[in-house]
Amino acid sequence: MTDADHPLHQFDRHMVWAGFIQLAPISLFVAVFGAAFGLAATQAGLSDSLIVTMSTLVFAGASQFAALELWGPSVPLLTLSITVFAINARHLLMGATLYPWLQQLPAKQRYGVMLVASDANWALAMQAFANRRPGIGLLLGGGLALWLSWVIGTWLGVLLGGAIYSPEALGLDMVMGCFLLAMAVSGEKSLRLSVIWIIAAAASLLAYRYLPENSHVVVGAVAGGIAGTIWTGSKHEH
């Protein structure tokens with residue numbers, strides 16, 4: 001059975017495996033940053049088991065690096081929570097754009113898939129939906145590939161120590177951004193998504209100009225998420 005024979009929200013183990021294989025190459029760069037996090041966390045004084053457990057359960061690189069900046073004898077939980085939420089607020093927008101297909105899934109599958117949602121596999125899933133192909137398998141399989149690479153990279157960073165001090169110096173920090181830009185350019189051009197992105201961008205720019213530092217991340221994601229929730233895209237093919 002081909003992908004075209006499936007409703008867009010359905011997936012099976014073959015689609016999940018295909019998503020895993022498709023994201024495997026870019027997962028190598030995720031492993032590099034995982035190694036950098038493992039090294040930084042070791043230098044911050046976290047135990048080896050705690051570092052690997054954090055990457056396994058949290059799977060949010062930028063948030064984990066931010067947490068290290070606040071780590072100390074007394075962890076400011078409120079500040080840490082706000083910081084992590086601000087950095088990951090873009091997931092509200094991801095959820096809103098995926099809503100037309102996720103709503104067709106049982107709750108356990110819906111939230112289970114979103115546990116491994118990140119920028120790269122979300123972009124590929126949206127591209128698949130735009131081309132009228134099932135995308136949940138890409139989202140789940142690609143997310144598992146990225147998650148596994150992040151955990152393995154973290155473990156290697158803890159194990160190997162000072163091999164990678166600055167991925168940015170090698171230009172590796174630009175790989176994900178270039179990948180996402182390519183996906184966005186080739187992705188769906190529907191009126192709904194265009195309006196959501198315009199609202200999110202406008203709100204973020206206003207917040208960047210008039211509100212405290214870093215608040216634009218939260219404001220933009222919340223605005224886009226609200227817009228996507230209100231305009232559910234009920235006419236999408238499922």
Side-chain angles (χ1 to χ4, degrees), residues 1-24 26-27 30 55-61 63 84-85 87-151 176 179-180 183-184 186-197 199-200 220-238:
M1 182 176 288
T2 65
D3 287 355
D5 297 320
H6 291 265
L8 296 188
H9 68 278
Q10 290 188 356
F11 63 98
D12 55 31
R13 66 179 183 276
H14 300 294
M15 294 179 182
V16 173
W17 177 244
F20 187 97
I21 295 299
Q22 192 164 345
L23 265 294
I26 200 170
S27 295
V30 174
S55 283
T56 302
L57 298 179
V58 177
F59 181 43
S63 297
V84 170
F85 177 80
I87 293 173
N88 288 305
R90 69 190 186 282
H91 284 80
L92 294 171
L93 188 56
M94 290 183 191
T97 57
L98 290 166
Y99 178 79
W101 304 281
L102 289 176
Q103 67 173 333
Q104 304 297 313
L105 300 177
K108 289 183 179 179
Q109 289 186 5
R110 184 187 313 159
Y111 295 110
V113 167
M114 288 303 293
L115 284 175
V116 292
S118 63
D119 300 310
N121 57 326
W122 166 81
L124 279 178
M126 292 303 299
Q127 185 184 51
F129 289 133
N131 293 323
R132 295 295 183 239
R133 292 186 289 107
I136 301 297
L138 271 173
L139 186 66
L140 177 57
L144 289 173
L146 297 170
W147 170 79
L148 183 62
S149 294
W150 177 252
V151 174
M176 189 67 72
F179 174 83
L180 291 172
M183 292 298 100
S186 59
E188 183 178 350
K189 304 299 191 299
S190 71
L191 177 62
R192 175 180 179 268
L193 283 181
S194 297
V195 170
I196 290 173
W197 284 113
I199 290 174
V222 170
I226 292 173
T229 302
I230 293 173
W231 191 346
T232 59
S234 58
K235 293 184 180 180
H236 278 251
E237 178 184 352
H238 300 309

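Residue numbers start at 1 and run along the sequence shown. FYI, side chains are in, hydrogens and waters are out, and symmetry mates aren't considered; it's all heavy atoms of this structure. Quantities reported herein were computed from a predicted structural model and do not represent experimental measurements.
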Exercise. Taking the side chain as every heavy atom from C-beta outward, state whether Ile26 and Leu146 have any pair of such atoms under 4.5 Å apart.
Key: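 Yes. Closest side-chain heavy atoms under 4.5 Å.
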Exercise. For the residue pair Met15 and Pro134, establish whether any side-chain heavy-atom pair is separated by less than 4.5 Å.
Key: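 Touching, per the 4.5 Å side-chain cut-off.
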Which heavy-atom pair separates [X] from [Y] by the least distance, and what is that distance?
| X | Y | answer |
| --- | --- | --- |
| Trp147 | Thr56 | NE1-O, 2.9 Å |
| Ala227 | Ile199 | CB-CD1, 3.7 Å |
| Leu93 | Ala200 | CD2-CB, 4.2 Å |
| Met94 | Ser118 | CE-C, 3.9 Å |
| Val151 | Ser55 | CG2-O, 4.0 Å |
| Leu115 | Phe59 | O-CD2, 4.1 Å |

Partners meeting side chain to side chain contact (heavy atoms under 4.5 Å, CB included) with [X] (sequence neighbours left out):
| X | result |
| --- | --- |
| Ser63 | Ala60, Val84, Ile87, Asn88 |
| Leu105 | His9, Phe11, Leu102, Gln109, Arg110, Ile136 |
| Ala128 | Arg133, Leu138 |
| Leu144 | Val16, Phe20, Val116, Leu140 |

Practice problem: Examine the side chains of Thr97 and Trp122 and answer whether a donor and an acceptor come within less than 3.5 Å of each other. | Solution: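 Per modelled atom types, Thr97 and Trp122 side chains form a pair under 3.5 Å.
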Practice problem: Check step by step if side chain to side chain contact (heavy atoms under 4.5 Å, CB included) holds for Trp101 and Met126. | Solution: CA-CA 10 Å; Trp101 304 281; Met126 292 303 299; 4.1 Å; yes
Practice problem: Taking Asn121 for its side chain and Gly142 for its backbone only, find out whether a donor-acceptor pair lies under 3.5 Å. | Solution: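 Not a single qualifying donor-acceptor pair exists.
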Quiz item: What residues, two or more places apart in sequence or in another chain, satisfy side chain to side chain donor-acceptor pair (under 3.5 Å) together with Ser27?
Solution: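 Expected list: none.
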Quiz item: Excluding sequence neighbours, so at least two apart, what forms side chain to side chain donor-acceptor pair (under 3.5 Å) with Ser149?
Solution: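 None.
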Self-check item: Evaluation steps, side chain to side chain contact (heavy atoms under 4.5 Å, CB included), between Val30 and Leu23
Solution: CA-CA 10 Å; Val30 174; Leu23 265 294; over 6 Å; no
